[in-house]
Amino acid sequence: MSKLRVAVIGARGRMGAEAVKAVNAADDLELVAALGRDDKRETLTEAGAEVAVELTHPDASPANVAFCVRHGIHAVVGTTGWSEERLATLRGQLADAPGTGVLIAPNFGIGAVLTMRFAQQAARFFESVEIVELHHPGKADAPSGTAVRTAQLIGEARAAAGLPAQPDATSSALDGARGADVAGVPVHAVRLRGLVAHQEVLFGDEGETFTLRHDSMNRGSFMPGVLLGVRRIGGAPGLTLGLEHFMDLRGLDLDG
Ligand SMILES: NC(=O)C1=CN([C@@H]2O[C@H](COP(=O)(O)OP(=O)(O)OC[C@H]3O[C@@H](n4cnc5c(N)ncnc54)[C@H](O)[C@@H]3O)[C@@H](O)[C@H]2O)C=CC1
Ligand SMILES: O=C(O)C1=N[C@H](C(=O)O)C[C@H](O)C1
């Protein structure tokens, strides 16, 4: 059986280095290119990459992915910062590249995907909800892509259930004290030496609170999700948003 030819873009970064190790350790995958910031994108085509894992910086990711799509290379993207505008541009690029697949996953951690799903399911039952994401101090963006996606999913679930905006009597606050408003959900970002990637979703209502927490203790935690994406993306043309689409979530279906 021939091996799937995989490239890693951002290969010398924290996540990219881990992805290089994971691809090298997989019997069914062959690492054909490992690109750093100064390498030409043409290295991907010269190496005959079939799938590229993209783990760079929000400012660099759209151009890297556009190159892949133009050359029929499937992309598994973990980089954050994919705004609606950037996604719309990518959808246009994919329309001209039938057969090419791009997975954009805010978080490759299985527990993080489940946290998002459970938060979506719990959202309609509580008056209040806030998100606290906690990361290493080297992280470029805030709030995290995972927190933004979680807040969007909660906001959609609250709207679908007809819930009003959350009550909040704050009339005097220092800038930032109530976090960033994402889809009506306050999101707070902590940056602390010693942390890797963590998130709490706090729900509250009369007399009770309910907290979902996920912790990635190391970047190896993301690799089963990266490899799942690499193996599945060739069979999923177009844009896939979120690793959950490649996971069997039967029994965790969203109703309504
Ligand atoms: N989806 C997920 O599960 C995860 C996503 N991430 C995201 O992945 C991205 C990278 O995170 P880290 O590895 O921690 O960052 P990092 O800063 O350690 O690594 C990024 C690497 O990309 C390189 N780079 C920048 N521009 C480039 C370009 N145009 N071409 C090739 N390489 C380029 C940098 O030189 C650096 O080596 C961030 O957006 C982060 O939020 C991080 C962890 C998990
Ligand atoms: O930069 C990180 O480290 C992480 N980035 C992703 C995000 O922004 O959600 C995923 C995870 O939180 C780790």
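What you see below is based on every heavy atom in this structure, not just the backbone, and it leaves out hydrogens, waters and symmetry mates. Numbering of ligands and ligand atoms starts at 1, following listing order.
- At a 4.0 Å heavy-atom cut-off, ligand 1 does not touch Ser144 at all.
- Scored by the side-chain hydrogen bond (donor to acceptor under 3.5 Å, both in side chains) test, Ser216 finds Ser221 as partners (sequence neighbours excluded).
- Close contacts of ligand 1 with Gly10, meaning ligand atoms under 4.0 Å from a residue heavy atom, involve 22 (O), 31 (C), 32 (N).
- At least one side-chain heavy atom of Ile131 sits under 4.5 Å from a side-chain heavy atom of Ile154.
- When all heavy atoms of Val20 and Ala11 are compared, the pair lying nearest together is CG2-CB, 3.9 Å.
- At the shortest separation from atom 39 (O) of ligand 1 among protein heavy atoms lies Thr80 OG1, 2.9 Å.
- For ligand 1, the polar-atom distance check finds no N/O of Arg219 at less than 3.5 Å from any of the ligand's N/O atoms.
- With contacts defined as side-chain heavy-atom distances shorter than 4.5 Å, the pair Thr240/Val102 does not qualify.
- At least one heavy atom of Gly36 lies less than 4.0 angstrom from ligand 1.
- Salt bridge absent: Arg12 and Asp38 never bring a charged side-chain N and a carboxylate O closer than 4.0 Å.
- Contact check on Arg5 versus Glu50 returns no salt bridge, with no Lys/Arg side-chain nitrogen under 4.0 Å from an Asp/Glu carboxylate oxygen.
- Among protein heavy atoms, atom 34 (C) of ligand 1 sits closest to Arg37 NH2, 3.9 Å.
- Contacts with ligand 1 closer than 4.0 Å are made by backbone heavy atoms (N, CA, C, O) of Pro106 only, the side chain lying farther away.
- Residue-level contacts of ligand 2 at the 4.0 Å heavy-atom threshold are Thr80, Pro106, Asn107, His135, His136, Lys139, Asp141, Ser144, Gly145, Thr146, Ala197, Phe222.
- Between Leu243 and Leu228, the closest side-chain pair of non-hydrogen atoms falls below 4.5 Å.
- Counting only heavy atoms from C-beta outward, the side chains of Leu241 and Trp82 never approach each other to under 4.5 Å.
- Between Arg14 and ligand 1, an N or O atom pair is found at a separation short of 3.5 Å.
- Screening Thr150, Thr115, Thr146 for a side-chain hydrogen bond (donor to acceptor under 3.5 Å, both in side chains) involving Gln199 leaves a single residue, Thr150.
- When heavy-atom distances to ligand 1 are checked against a 4.0 Å cut-off, Lys139 comes that close only through its side chain, counted from C-beta outward.
- At a 4.0 Å heavy-atom cut-off, ligand 1 touches Phe222 through the side chain alone.
- Using a distance-only test at 3.5 Å, with no hydrogens or angles considered, no donor-acceptor pair links the side chain of Gln166 to the main chain of Glu130.
- Considering backbone and side-chain atoms together, Met15 places an N or O closer than 3.5 Å to an N or O of ligand 1.
- For atom 5 (C) of ligand 1, the nearest protein heavy atom (residue, atom name, distance) is Gly78 O, 3.0 Å.
- Among the atoms of Gly109, none of the N or O lies under 3.5 angstrom from an N or O of ligand 1.
- Contacts between Thr79 and ligand 1, counted as non-hydrogen atom pairs separated by less than 4.0 Å, involve both the backbone and the side chain.
- Shortest contact from atom 21 (C) of ligand 1 to any protein heavy atom: Gly13 CA, 3.9 Å.
- With a 4.5 Å cut-off on side-chain heavy atoms, Arg231 and Asp28 count as touching.
- Scanning the protein heavy atoms around atom 29 (N) of ligand 1, the nearest turns out to be Ala60 CB, 3.4 Å.
- Applying the 6.0 Å contact sphere to CD of Glu84 captures no more than 12 heavy atoms from other residues, nucleotides or ligands.
- In this structure, the side chains of Glu30 and Leu4 stay at 4.5 Å or more apart for every pair of heavy atoms.
- For the salt bridge (charged side-chain N to carboxylate O under 4.0 Å, His left out) with Glu133, the lone residue among Arg149, Lys139, Arg191 that qualifies is Arg191.
- For Phe203 and Phe126, the ring centers sit closer than 6.0 Å to each other.
- Among all protein heavy atoms, the one lying closest to atom 22 (O) of ligand 1 is Thr56 CA, 3.5 Å.
- Phe222 has its side chain within reach of Asn107: a pair of non-hydrogen atoms, C-beta onward, lies under 4.5 Å apart.
- For ligand 1, the atoms lying closer than 4.0 Å to a non-hydrogen atom of Phe108 are 1 (N), 2 (C), 3 (O).
- The distance from ligand 1 to the heavy atoms of Asn107 drops below 4.0 Å at these ligand atoms: 1 (N), 2 (C), 3 (O).
- Inclusion of Ala105 in the set of residues having an N or O under 3.5 Å from an N or O of ligand 1 is warranted.
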